[in-house]
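For reference, the structure is listed below as structure tokens.
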Amino acid sequence: VFKIDLSQSQTIRLEVIFNKYLQDTDILVSDADGKELLRFSPASINWNRRIITLPPGVSTVSLRSTSGISGEYLIRYVFLSKQSGGQKIWEFPLYGNYSSPAIAGNRIFASGGSSLYCLDSVSGANIWDFQAGSEISSSPMVYAGRVYVATWYGRIYSIDSRAGSKVWSVNVRGESGHASPAISDGRLYIASRYSDMEQQVGVVSCLDLETGETIWEYETSGYIYGSPAVGDGKVFIGAEYRSNNMSFGKVYILDAGTGARLKEYLTGAAIYSSPAYRDGIIYIGCNDGKIYAIDANENSLVWSFDTGNS
């Protein structure tokens, strides 16, 4: 994790490491408004690496492939390798980081491998570190003096944000993967997944925020790869759904209090992303290259936008 002053920066260079060898696809680089800045082919990617120089004034970009590969399936790491005019204030080495940091007050919480670090946001000094015993793959959630994280193998931790000591830890069923916790009304919601000999199953778990005790669980008929969203007394989650050797997606709407399924909406391809929710509308990306806006009350499509197989 690093802190950089970009107030005087003119250009930014990114070193992107792709997750797999790409064939028959182009990589598109777009700015925050969706304007295409650069397009390149796999032939220009040497050893899965590519240096991208952004135009002056551009600080936010998105990368996608024309074949529909995106997210963690496209990109493994992105490094800020050089900037003109910006000044690096500090950096702190992290090993095996797959998540985003969280900021609360003058503290930054970031994971690296099996460690959760608390850093001073001004100096970058390490205030404390917590050892989880296995890889922390979620992004931390900071709430009411505690930090909540999940390991890849489904262990959820509540950690005192001041002292770095464990408050509680519990296991949910299966692997949490990159799912991050959501918090609402004294409860923590987290997704996980497991498989048996016959099927792939996703699990949404609701835990008591103070004790970690499981309040309810709900199983989906397919893997969950993203994180839940919570709002208006409901939990929203996307999952992959397989039928007759074909892959679809389902958006589940659950009662936040009981875990009962209220509604589900079928999409045209698998869902690997996390939903966002606001004012009765669920927004979620799908592997068919579309963003869906779904009315949570009517369980109907409001609109969809084709991103061009992003």
Side-chain angles (χ1 to χ4, degrees), residues 71-72 99 136-141 143 148-158 168-196 198-243 247-267 270-278 280-287 292 294-297 299:
E72 63 189 86
S99 63
I136 298 174
S137 50
S138 76
S139 297
M141 168 68 74
Y143 180 80
Y148 300 89
V149 292
T151 69
W152 181 273
Y153 295 108
R155 191 154 190 86
I156 317 302
Y157 287 88
S158 171
W168 55 256
S169 67
V170 297
N171 274 93
V172 294
R173 282 193 292 155
E175 299 177 345
S176 293
H178 293 293
S180 298
I183 292 174
S184 179
D185 295 330
R187 296 182 174 189
L188 180 147
Y189 302 89
I190 189 71
S192 58
R193 58 182 184 262
Y194 72 91
S195 61
D196 55 28
E198 298 181 354
Q199 60 182 341
Q200 297 176 339
V201 181
V203 181
V204 180
S205 299
C206 172
L207 310 179
D208 184 278
L209 200 60
E210 291 299 317
T211 65
E213 180 182 357
T214 299
I215 299 173
W216 57 255
E217 293 179 336
Y218 180 84
E219 290 190 352
T220 64
S221 54
Y223 276 166
I224 298 175
Y225 294 91
S227 306
V230 186
D232 294 336
K234 303 179 182 69
V235 180
F236 311 95
I237 194 69
E240 184 179 26
Y241 170 68
R242 293 183 178 272
S243 178
S247 180
F248 302 94
K250 276 187 179 181
V251 179
Y252 292 85
I253 304 176
L254 310 177
D255 184 284
T258 65
R261 178 174 60 86
L262 302 176
K263 298 180 178 70
E264 61 182 49
Y265 184 88
L266 187 66
T267 61
I271 296 175
Y272 301 123
S273 65
S274 302
Y277 175 78
R278 182 176 180 179
I281 306 297
I282 308 164
Y283 303 92
I284 195 164
C286 187
N287 207 41
Y292 290 82
I294 303 165
D295 189 304
N297 297 313
N299 199 34

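Only heavy atoms go into these numbers, but all of them, side chains included; no hydrogens, no water, no symmetry mates. Only a predicted model underlies this, so the values are computations on that prediction, with no experimental measurement involved.
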In the structure I gave you, are the side-chain heavy atoms of Ser195 and Tyr223 within less than 4.5 Å of one another anywhere?
yes
Identify the heavy atoms of Lys250 and Ile271 that sit nearest to each other, and give their distance.
O-CD1, 3.7 Å
Would you check if there is a donor-acceptor pair between the side chains of Thr258 and Tyr218 at a distance under 3.5 Å?
no
Shortest non-hydrogen contact from Ile224 to Ser192?
CB-O, 4.1 Å
Is there a donor-acceptor pair closer than 3.5 Å between any side-chain N or O of Asp208 and the backbone N or O of Gly186?
no
Between CD1 of Ile136 and NE2 of His178, what distance do you get to the nearest 0.5 Å?
13.5 Å
Is there a side-chain contact between Lys234 and Asn297, using heavy atoms and a 4.5 Å cut-off?
yes
Can you measure from CG (Leu254) to CZ (Phe236) and round to the nearest 0.5 angstrom?
9.0 Å
In short, Glu240 meets Ser247 closest at the heavy-atom pair OE2-OG, 3.1 Å
For residues Arg187 and Leu209, determine if any side-chain heavy atom of one lies less than 4.5 Å from a side-chain heavy atom of the other.
no
Give the ring-plane orientation class for Tyr189 versus Trp216, where under 30° counts as parallel, over 60° as perpendicular and anything between as tilted.
tilted
Restricting to non-hydrogen atoms, name the atom on Gly226 and the atom on Ile237 that form the minimum distance, rounded to 0.1 Å.
O-CD1, 4.1 Å
Check against side-chain contact (heavy atoms from CB on, under 4.5 Å), Ser184 and Tyr143
CA-CA 10 Å; Ser184 179; Tyr143 180 80; over 6 Å; no
Testing Ser158, Pro181, Pro140 one by one against Val149 for a side chain to side chain contact (heavy atoms under 4.5 Å, CB included), which residue passes?
Pro140
Partner of Ile294 under side chain to side chain contact (heavy atoms under 4.5 Å, CB included), picked from Tyr265, Tyr277, Tyr283, is Tyr265
Criterion side-chain contact (heavy atoms from CB on, under 4.5 Å) on Tyr153 and Asn171, from CA distance to verdict:
CA-CA 8 Å; Tyr153 295 108; Asn171 274 93; 5.9 Å; no
Geometric cation-pi criterion Arg155 and Trp168, 6.0 Å radius, 45° cone:
no
From OH (Tyr292) to SG (Cys286), nearest 0.5 Å
4.5 Å
Is the closest side-chain heavy-atom distance between Val172 and Val203 below 4.5 Å?
no
Note, Ile190 side chain near Ser176 side chain (heavy atom, < 4.5 Å)
yes
